[in-house]
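Notes to accompany the following structure.
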Amino acid sequence: MLLRAFVDVRTACFSLEEYHTAKAAFEAGSKLAPEDARFTDWIKKCEKCIAEEDGELPTQSSDVAPTNVVVSSQATEKTDATSEVIAPTPAKPKYRHEFYQKPEEVVVTIFAKGIPANSVFVNYGEQILSVTIDVPGEDSYIFQPRLFGKIVPAKCRHVVLSTKVEIRLAKAELIQWTSLEFGEKSLVAQPINVSTGNQRPSYPSSRPTKDWDKLEAQVKKEEKDEKLDGDAALNKFFRDIYKDADEDTRRAMRKSFVESNGTVLSTNWKEVGSKMVEGTPPDGMEMKKWEY
């Protein structure tokens with residue numbers, strides 16, 4: 001199992017096109033397990049890719065004298081036709097996979113049915129997922145994507161079920177992944193807004209928002225500046241006096257107004273507090289006592 005994990009990490013470097021790093025790693029592995037031919041094969045692959053990057057692919061030696069060969073027109077036409085042959089399409093993956101995400105994690109599902117748990121090897125890097133399914137007698141399945149965003153390897157986990165392998169990747173940042181794998185055309189990730197539950201949701205509306213504090217201040221100002229006539233003005237005058245008066249003044253106003261049937265309003269508690277306030281009708285009018 002340790003050797004399998006060793007190979008997985010180095011093939012991940014190869015998948016990221018870090019050929020020099022991968023070659024050095026495979027050479028170190030070859031020293032640890034010289035009988036394992038896989039290291040030799042991978043070293044040759046790395047050397048070939050490094051040569052392609054440096055533009056040093058082997059060409060025909062200049063010491064060999066060119067041979068004069070007469071090529072017929074039919075052969076030329078055949079060569080032109082074969083040069084247009086479409087490259088073969090890559091083989092379909094052995095197992096299908098898909099993913100979905102939450103604000104804090106990405107869940108990858110590989111639909112591999114009836115796989116023993118000891119045949120599944122999963123390793124996590126900062127932005128690498130390496131999955132190998134190695135069932136005896138079958139071709140190995142290797143899935144090593146470079147992930148869209150960074151993860152926290154210590155918090156990642158996987159479980160092997162009867163119908164699938166479920167892998168949970170803990171996000172290092174609360175961002176929305178637009179795809180599972182990173183690519184040059186990947187969209188810019190957007191931060192995820194996690195609701196705390198205390199904020200009331202807002203909904204789009206064509207109505208302008210109202211400043212209720214401003215409206216309240218405006219109403220109070222209009223009430224203060226309101227110009228009244230007659231009884232309305234008198235009542236407002238009495239309300240203003242009552243509002244700003246002390247407790248003795250208020251008691252005097254209430255007692256005198258009630259006992260005089262609304263004909264007397266006194267603010268002097270010492271004067272009205274110790275006696276009954278008699279009604280005083282306006283000039284030209286007289287008090288009348290109603291009998292029930």
Side-chain angles (χ1 to χ4, degrees), residues 1-26 28-29 32 38-39 42 45-46 49 90-135 139-197:
M1 184 178 296
L2 179 61
L3 181 61
R4 167 62 62 184
F6 188 87
V7 174
D8 288 342
V9 175
R10 283 141 186 80
T11 53
C13 294
F14 185 89
S15 300
L16 293 176
E17 300 181 359
E18 297 178 0
Y19 303 122
H20 290 279
T21 303
K23 180 184 175 184
F26 283 121
L32 295 175
R38 289 179 298 174
F39 292 108
W42 277 107
K45 291 180 182 179
C46 292
C49 293
K92 185 178 179 181
K94 187 175 181 180
Y95 302 118
R96 180 174 62 88
H97 73 272
E98 64 181 29
F99 83 103
Y100 67 91
Q101 62 184 304
K102 300 177 182 180
E104 70 284 354
E105 69 176 359
V106 174
V107 181
V108 181
T109 303
I110 300 176
F111 295 93
K113 186 177 181 180
I115 302 297
N118 58 3
S119 297
V120 179
F121 307 92
V122 182
N123 293 283
Y124 310 98
E126 185 180 28
Q127 200 170 349
I128 293 290
L129 170 64
S130 177
V131 182
T132 302
I133 300 177
D134 195 359
V135 179
D139 293 336
S140 297
Y141 168 82
I142 299 176
F143 180 52
Q144 294 174 333
R146 181 182 180 187
L147 301 172
F148 180 89
K150 294 183 178 181
I151 60 176
V152 183
K155 295 183 179 180
C156 298
R157 61 191 188 278
H158 76 279
V159 59
V160 180
L161 304 175
S162 60
T163 59
K164 61 185 179 180
V165 178
E166 187 175 86
I167 304 166
R168 295 185 175 271
L169 306 174
K171 292 182 180 179
E173 301 174 287
L174 293 180
I175 59 175
Q176 182 76 14
W177 290 17
T178 57
S179 62
L180 177 62
E181 300 184 38
F182 178 84
E184 294 181 357
K185 296 183 180 180
S186 298
L187 299 177
V188 177
Q190 299 295 329
I192 298 175
N193 295 324
V194 181
S195 176
T196 60

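Sequence positions, counted from 1, serve as the residue numbers for this chain. Note that the structure is a prediction, hence the values are computed from the model and not measured.
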Handout entry: Taking every non-hydrogen atom, the tightest pair across Gly149 and Gln127
Key =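 Reported closest heavy-atom pair: O-CG, 3.4 Å.
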Practice task
Can you see which heavy atom on Pro153 is nearest to which on Gly125, and at what distance?
Solution key: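 Reported closest heavy-atom pair: CG-O, 3.6 Å.
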[X] [atom1] to [Y] [atom2] distance, which is reported to the nearest 0.5 Å:
{"X": "Lys164", "Y": "Lys113", "atom1": "NZ", "atom2": "NZ", "answer": "13.5 Å"}
{"X": "Asp139", "Y": "Ile133", "atom1": "CG", "atom2": "CD1", "answer": "13.0 Å"}
{"X": "Glu126", "Y": "Lys150", "atom1": "CD", "atom2": "NZ", "answer": "4.5 Å"}
{"X": "His158", "Y": "Tyr124", "atom1": "NE2", "atom2": "OH", "answer": "5.5 Å"}

Student check: side-chain heavy atoms of [X] and [Y] closer than 4.5 Å:
{"X": "Val107", "Y": "Phe99", "answer": "no"}
{"X": "Arg146", "Y": "Ile128", "answer": "yes"}
{"X": "Gln101", "Y": "Gln176", "answer": "yes"}
{"X": "Cys156", "Y": "Ile151", "answer": "yes"}
{"X": "Leu147", "Y": "Val106", "answer": "no"}
{"X": "Tyr141", "Y": "Tyr95", "answer": "yes"}

Exercise for the section: Return the set of residues passing salt bridge (charged side-chain N to carboxylate O under 4.0 Å, His left out) with Glu173 (not counting sequence neighbours), or none when no residue passes. Expected result: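 For Glu173, no residue satisfies salt bridge (charged side-chain N to carboxylate O under 4.0 Å, His left out) once neighbours in sequence are set aside.
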Exercise for the section: Could you tell me whether Phe182 and Phe148 have their ring centroids closer than 6.0 angstrom? Expected result: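 For Phe182 and Phe148, the ring centres are not under 6.0 Å apart.
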Handout entry: Pair Phe143 and His97, ring centroids less than 6.0 Å apart
Key =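 Yes: the rings meet the under 6.0 Å criterion.
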Handout entry: More than 12 heavy atoms from other groups under 6.0 Å of NZ on Lys155
Key =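 No - once you tally the heavy atoms of other residues, nucleotides and ligands closer than 6.0 Å, there are 12 at most.
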Exercise for the section: Could you tell me whether the side chains of Glu166 and Thr109 share a donor-acceptor contact shorter than 3.5 Å? Expected result: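 Per modelled atom types, Glu166 and Thr109 side chains form no pair under 3.5 Å.
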Exercise for the section: Would you mind telling me which of Ile167, Val165, Val135, Asp134 makes a side-chain contact (heavy atoms from CB on, under 4.5 Å) with Val120? Expected result: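 Of the listed options, the one satisfying the test is Val165.
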Practice task
Identify whether the distance between the nearest side-chain nitrogen and carboxylate oxygen of Lys171 and Glu104 falls below 4.0 Å.
Solution key: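 No.
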